[in-house]
2 protein chains.
Amino acid sequence: MTRLRTFAYEFPRPAVAVDCVLFGFDPEDGLRLLVIRRRQAPFADRWALPGGFVRLDADGEGGESLDDAALRELREETGANVAYLEQLYTFGAPRRDPRGRVLSVAYMALVRTRDHHVRGGDDAAEAKWTPVERSGGGKLAFDHDAIVELGVARLQAKLRYAPIGFNLLPPTFALSELQRLYEAVLQRPLDKRNFRRRILAMDLLAEAGRQEGVAHRAATLYRFDERAYARLVHAGFNFEL
Amino acid sequence: MTRLRTFAYEFPRPAVAVDCVLFGFDPEDGLRLLVIRRRQAPFADRWALPGGFVRLDADGEGGESLDDAALRELREETGANVAYLEQLYTFGAPRRDPRGRVLSVAYMALVRTRDHHVRGGDDAAEAKWTPVERSGGGKLAFDHDAIVELGVARLQAKLRYAPIGFNLLPPTFALSELQRLYEAVLQRPLDKRNFRRRILAMDLLAEAGRQEGVAHRAATLYRFDERAYARLVHAGFNFEL
DNA sequence: CCAAAAGTGTTCCGCATACACCCATGA
DNA sequence: TCATGGGTGTATGCGGAACACTTTTGG
């Protein structure tokens with residue numbers, strides 16, 4: 001295969017990639033991280049974060065935004081539909097990629113795990129959910145372990161003061177599921193009564209039916225009320241734990 | 001002037017710049033932002049944040065890190081010696097720079113204003129400190145207003161839970177100066193007694209003499225004790241307000 | 001002796017924490 | 001009727017917030 005053309009510039013430029021720390025949650029398994037097995041060199045067959053190069057227009061001037069690149073990669077490589085996306089940090093150490101100078105804009109993304117089934121995509125031979133610790137049974141490719149660490153720290157910090165946890169749960173959920181989510185992310189047990197009181201006191205959850213088909217008392221289901229939250233924020237409210 | 005060579009790649013690549021939100025503080029003036037007047041197009045003669053392109057090696061593979069690029073630009077354009085530097089966010093919207101696709105890695109930096117005198121540098125016709133609101137008497141070049149906004153938000157947030165404010169003060173300072181700094185950044189008055197008690201209770205400040213030559217009772221000067229802080233962090237301590 | 005800033009304690013209230021039992025349901 | 005998780009109230013203590021006067025120093 002021959003390249004029809006190349007792209008030339010006055011000064012050297014780095015390649016720019018996006019890499020995504022994609023979290024999922026299941027009451028059974030706890031917090032999970034999506035990793036893919038690389039198909040191509042470098043680090044062929046090694047586990048890595050989903051990601052890839054940002055696409056520019058042929059004239060090198062337009063093309064997709066960084067957020068769009070992250071969403072596209074997640075779609076292509078994992079089939080996940082993302083509920084929340086947030087830029088984390090840009091990694092740019094000179095030798096972080098053996099192919100040359102490659103910047104990586106790291107993202108954190110959250111999905112409702114039940115919504116979708118993981119599949120490998122174009123560049124990914126295989127994709128799987130792993131526990132966050134020991135991601136992929138050891139070290140990830142490139143500096144992806146550091147990126148994961150950063151993603152975990154950000155998720156833990158942000159869960160306390162922003163209502164992003166709901167993006168890891170189905171649209172309606174029981175309070176106990178929400179509590180298990182918080183416990184899994186924050187890595188410590190929470191008191192049931194205090195948790196329920198605090199969450200409900202914020203008036204952000206709307207009742208949405210009851211559980212069905214469970215072998216015990218059916219829990220009340222709730223839905224996160226985006227509108228109520230927007231109104232409260234507007235009035236100076238801050239979500240807290 | 002003719003270019004001796006150009007740099008060619010298989011796929012189009014963006015140019016990558018760093019831009020710095022540099023804060024200074026003076027008890028008289030409050031919190032200030034450093035802006036430069038651009039010498040060249042685009043946005044010639046407009047006020048902008050100090051910044052410039054990241055330098056890569058001639059082979060386009062090595063070169064300076066992003067942090068180094070930010071420090072270099074600050075040195076070149078302002079002569080400031082930076083006490084604290086932190087990456088903020090990477091801006092990459094397709095049309096944010098009229099010259100083509102340019103990513104900007106934004107940084108927040110803090111200086112001890114008394115340490116240095118502002119000067120214009122190579123690319124900056126002029127540099128000045130401005131109040132943070134109405135920076136540069138109106139709108140800054142590119143999307144720099146948005147970057148400033150982000151920098152202010154980050155500084156406000158981080159001041160509460162990390163001891164970074166000291167990087168805006170001289171090595172030794174009076175508690176009232178520290179309080180004025182907090183009030184200037186957080187934009188609200190703080191109670192003197194509560195402030196002193198909270199700060200001193202952390203055991204992070206070491207006495208360092210008294211003020212001289214003031215026309216009133218001389219205040220005790222303090223120095224931020226990095227060692228004590230490191231020890232406390234190690235023991236699970238969290239700085240808080 | 002006056003102006004200007006430094007320095008100092010106590011009270012009150014709200015909120016986070018700790019804690020244990022009854023309820024509803026399907027098997 | 002039993003196993004499983006759902007759902008509920010109170011007492012205690014700590015820490016943040018509010019608040020005003022005396023001290024020191026140079027001019």
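Any value given below was found using the heavy atoms of this structure, including those in side chains, with hydrogens, waters and symmetry copies removed. Labels below follow one simple rule: chain letters A, B, ... track the order of the sequence lines, proteins then strands, and each chain is numbered from 1.
In this entry the distance linking CG of A/Leu221 with C1' of D/dG5 reads 14 Å, nearest Å. Atom CG in A/Leu190 sits about 15 Å away from atom P in C/dC19, given to the nearest Å. Protein atom CD of A/Glu212 is 18 Å distant from nucleotide atom C1' of C/dA27, rounded to whole Å. Summarising the geometry, the separation between CG on A/Asn194 and C1' on C/dC19 is reported as 9 Å, rounded to the nearest angstrom. To the nearest angstrom, C1' of D/dT10 lies 9 Å from CZ of A/Arg193.
With distances taken from any side-chain atom of A/Lys192 to the nucleotides C/dT8, D/dG5, C/dA20, the minimum falls on C/dA20. Each of C/dT8, C/dC19, C/dA6 was ranked by its minimum atom distance to the side chain of B/Ser176; first place goes to C/dA6. In the set C/dA18, C/dA16, C/dA20, the nucleotide with an atom closest to the side chain of A/Arg197 is C/dA18. Here the side chain of A/Asp191 is nearest to one of C/dC19, C/dT8, D/dA17, namely C/dC19. Closest contact between the side chain of A/Arg217 and the listed nucleotides C/dG7, C/dC23, C/dT17 involves C/dC23.
A/Arg196 comes within contact range of at least one nucleobase, with a heavy-atom separation under 4.0 Å. Looking at heavy-atom distances under 4.0 Å, A/Ala219 makes contact with sugar-phosphate atoms alone, never a base.
Each of B/Leu33, B/Asp19, B/Asp143 was scored for a side chain to side chain contact (heavy atoms under 4.5 Å, CB included) with B/Val148, with one residue passing: B/Leu33.
Aromatic pair A/Phe173/A/Phe224: centroids not less than 6.0 angstrom apart.
Looking at which nucleotide of DNA chain D each of B/Val214 and B/Leu241 is closest to, the 5′-most match is held by B/Leu241. Along DNA chain D, the nucleotide nearest B/Arg198 and the nucleotide nearest A/Arg180 are compared for position; the residue whose nucleotide lies closer to the 5' end is A/Arg180.
Distances shorter than 4.0 Å separate some side-chain N or O of A/Thr220 from OP1 or OP2 on D/dG7.
With salt bridges taken as basic N to acidic carboxylate O contacts below 4.0 Å, none links A/Glu240 and A/Arg160. Salt bridge A/Glu86/A/Lys158: present, at least one basic N to carboxylate O contact under 4.0 Å.
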Exercise for the section: Apply the test salt bridge (charged side-chain N to carboxylate O under 4.0 Å, His left out) to residues A/Glu183 and A/Arg188: give CA-CA distance (whole Å), side-chain angles for both, the deciding distance (0.1 Å), then the verdict. Expected result: CA-CA 5 Å; A/Glu183 290 174 331; A/Arg188 66 183 152 95; over 6 Å; no

